[in-house]
> 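Here it is, the structure in full.
Values below: all heavy atoms of this structure, side chains included; hydrogens, waters and symmetry mates excluded. When a ligand or atom number is given, it counts from 1 through the structure's own listing order. Note that the structure is a prediction, hence the values are computed from the model and not measured.
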Amino acid sequence: MKVAVVGVGLIGGSIGLAARQRLGAHVSGYDPSAGALEAALTRGAIAEPCSSLEAAVADADFAVVAAPVQVLGNVVREVLAVSNDECVVTDVGSVKRAIVQQVDDPRFIGGHPLAGAETAGVEHARADLFADATWYLTPTTATRGSHFERLHRFITRIGAWPSAVEPETHDVVMASVSHLPHVLANVLVAQAARVLSAEGERLPATGPSFRDVTRVAGANSAVWGGIYAANADALVAAIDDLVARLTVVRGQLASGDAAGIAEWNDGARDDRRRLLEADLAGGEVHELRVLVPNRPGIVAEIALALGRATIDIVDMGLYPSSGSHGTVALWIRGGVVAEQAEHLVRDLGLEVVRA
Ligand SMILES: NC(=O)c1ccc[n+]([C@@H]2O[C@H](COP(=O)([O-])OP(=O)(O)OC[C@H]3O[C@@H](n4cnc5c(N)ncnc54)[C@H](O)[C@@H]3O)[C@@H](O)[C@H]2O)c1
Ligand SMILES: O=C(O)C(=O)C[C@]1(C(=O)O)C=C[C@@H](O)C=C1
């Protein structure tokens, strides 16, 4: 298997390391920064540094574009233009609406691993960065089913959990669970710095909680400027929501509403537990066999229906036939969840049986 990594920084480098170590893949790399390319080779994230995109993607089974969000559209289009018909092209950008609107191609599937760090560059890359992480995929009706299946398997084999999602939903959710926390970390640091300097003190007066909630402050500007700009509308809405919540707490504090404050704090503890414990449910894996018409977009339709219900597809297999129908096998963890998946697939008007 050959994997081409385009943009060999923190995320591209981690994909290269994982593909080499876990899949034994041959990994080529392209990056406009000669220094990044050399560092990726030294770090073992790629085996073949390439001075052109064409050379990197030649005969590749997968091309993964891991460049900053603001250049993704152009780079993905270039990769599609110079790669062969069997090459699956994907990206890892943190915002998904723009790229999915810009690129409508059966071989391209938008992606986003929900794993990373506040650091930058291949020097910080890790082969295990994606272990047990959710990896969002944004297939569309144009997506070729066989390419989706291959990408799904590639991601599970490097240790992550693929989950199909609509780009709009993805960006709204990321605004609150990823982009807003980065904004807040920056704001908290700026506020603390101002208060401490106004008090004429040096900066050691910060404790563990401050360090925890500000870990991502000032994360890689080359990447975050593009993320904020590409998701500005959803992020502005999330900030408005935050301001409204702060205003409520402010009111409770100002009026000495101790009961309101206690309820608010208990609610936060419960919400956090629920959010962090979601998806830890295990169970036996069940196989569902779905009879599907041979038409484009059907695999994406199934994946998105399950993704919307937060059902992970542990693995999938496509069994096309020369007739009008083929079979899609889906492996789902947990009896109750498999039953729920069965209903959702039937609701799409498809026949499904347990294998
Ligand atoms: N950092 C994270 O936590 C994280 C997590 C998930 C996804 N992402 C996404 O991954 C992508 C890369 O982020 P990163 O953290 O690895 O950043 P990084 O700065 O470590 O790496 C980006 C690399 O892209 C290269 N690059 C710049 N322009 C390019 C171009 N035109 N063509 C090819 N390569 C180019 C840079 O030289 C650099 O080596 C971004 O789209 C980001 O949204 C980041
Ligand atoms: O762990 C971190 O430092 C991250 O910032 C990772 C993080 C996140 O916000 O969770 C950042 C951006 C990504 O698109 C995905 C993951």
> Parallel, tilted or perpendicular: which fits the ring planes of H112 and Y136, with parallel below 30° and perpendicular above 60°?
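Ring orientation of H112 relative to Y136: tilted.
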> Of all the heavy-atom pairs spanning Q102 and G73, show the shortest one and how long it is.
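Minimum heavy-atom separation between Q102 and G73: OE1-CA, 2.9 Å.
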> So, D270 and R274, do they make that salt bridge, N to O below 4.0 Å?
no
> Less than 4.5 Å apart, side chain to side chain, heavy atoms only: is that true for L180 and L242?
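A side-chain contact under 4.5 Å exists here.
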> Any idea which of I15, V71, D31 brings a heavy atom closest to atom 23 (C) of ligand 1?
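Answer by nearest heavy atom: D31.
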> I'd like to check which ligand 1 atoms, numbered from 1 as shown, lie under 4.0 Å from a non-hydrogen atom of G116.
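Counting from 1, the qualifying ligand atoms are 2 (C), 3 (O).
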> What do you reckon, does N220 have a nitrogen or oxygen under 3.5 Å from a nitrogen or oxygen of ligand 1?
yes
> Please list, in number order, the atoms of ligand 2 under 4.0 Å from a heavy atom of W224.
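Counting from 1, the qualifying ligand atoms are 11 (C), 12 (C).
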> Using a strict 4.0 Å cut-off to heavy atoms of V92, name the atoms of ligand 1 that fall inside it.
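By the 4.0 Å cutoff, the relevant atoms are 7 (C), 8 (N), 9 (C), 10 (O), 11 (C).
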> Please report which non-hydrogen protein atom sits nearest to atom 15 (C) of ligand 2, along with the residue it belongs to and the distance in Å to one decimal place.
H112 NE2, 3.6 Å
> When only distance counts, is A67 in polar contact with ligand 1, meaning an N/O pair under 3.5 Å?
yes
> Is the contact between A66 and ligand 1 made by the side chain, the backbone, both, or neither, using heavy atoms and a 4.0 Å cut-off?
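Backbone only; the side chain of A66 stays clear of ligand 1.
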> Just need the protein heavy atom nearest to atom 8 (C) of ligand 2, so name the residue and atom and give the distance.
S178 OG, 3.4 Å
> Hey, which atoms in ligand 2 end up nearer than 4.0 Å to a heavy atom of V216?
3 (O), 5 (O)
> With rounding to the nearest 0.5 Å, note down the distance linking CG in D61 to CG in L151.
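With rounding to 0.5 Å, CG (D61) is 12.0 Å from CG (L151).
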> Could K96 and D91 be called an ion pair, given the rule that one side-chain N must be under 4.0 Å from one carboxylate O?
yes
> Does ligand 1 have a heavy atom under 4.0 Å from the side chain of I227, from its backbone, from both, or from neither?
side chain
> Before signing off on this row, confirm whether P68 and ligand 1 have an N or O atom pair separated by under 3.5 Å.
no
> Considering only the protein, which heavy-atom contact is closest to atom 13 (O) of ligand 1, and what is its distance?
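The closest one turns out to be V223 CG2, 3.5 Å.
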> If the threshold is 4.0 Å, N to carboxylate O, is there a salt bridge linking R97 and E166?
no
> If we only consider heavy atoms of G13, is any one of them less than 4.0 Å away from an atom in ligand 1?
no
> Counting from 1, what ligand 1 atoms have a heavy atom of A115 closer than 4.0 Å?
5 (C), 6 (C)
> What residue and heavy atom of the protein are closest to atom 4 (C) of ligand 2, and at what distance?
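Of the protein heavy atoms, A117 N, 4.0 Å lies nearest.
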> Are the charged groups of E149 and R144 less than 4.0 angstrom apart, N to O?
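Between R144 and E149 there is no salt bridge, as every charged N stays at least 4.0 Å from the carboxylate O atoms.
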> Is the contact between H182 and ligand 2 made by the side chain, the backbone, both, or neither, using heavy atoms and a 4.0 Å cut-off?
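Side chain only.
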> Going by the order shown, which atoms of ligand 1 are within less than 4.0 Å of some heavy atom of P113?
6 (C)
> Quick check: does any side chain N or O of H286 sit under 3.5 Å from a backbone N or O of V337, one acting as donor and the other as acceptor?
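Absent.
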> Go through ligand 1 atom by atom and flag the ones less than 4.0 Å from a non-hydrogen atom of V69.
41 (O), 43 (O)
> Regarding ligand 1, does S33 bring an N or O atom to under 3.5 Å of one of the ligand's N or O atoms?
no
> So does R354 pair up with E287, basic N to acidic O under 4.0 Å?
no
> Can you list the ligand 1 atoms lying under 4.0 Å from a non-hydrogen atom of A36?
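The atoms of ligand 1 under 4.0 Å from a heavy atom of A36 are 39 (O).
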> Does F148 have R153 sitting over its ring (NZ/CZ under 6.0 Å from centre, angle to axis within 45°)?
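No, a cation-pi geometry is absent between R153 and F148.
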> Just wondering, are more than 12 heavy atoms of other shown residues or ligands nearer than 6.0 Å to CD in E263?
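12 or below, so no.
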> For atom 2 (C) of ligand 2, what is the closest protein heavy atom, and at what distance to 0.1 Å?
R215 NH2, 3.5 Å
> Does only the side chain of A222 get under 4.0 Å from ligand 1, or the backbone, or both, or neither? Count heavy atoms.
neither
> Do V213 and L184 have side-chain heavy atoms sitting under 4.5 Å apart?
no
> Do R150 and E86 come within less than 4.5 Å of each other through their side chains, counting heavy atoms only?
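Yes; the side chains approach each other to less than 4.5 Å.
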> Return yes or no for this condition: an N or O of I11 is under 3.5 Å from an N or O of ligand 1.
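Yes; at least one N/O pair falls below 3.5 Å.
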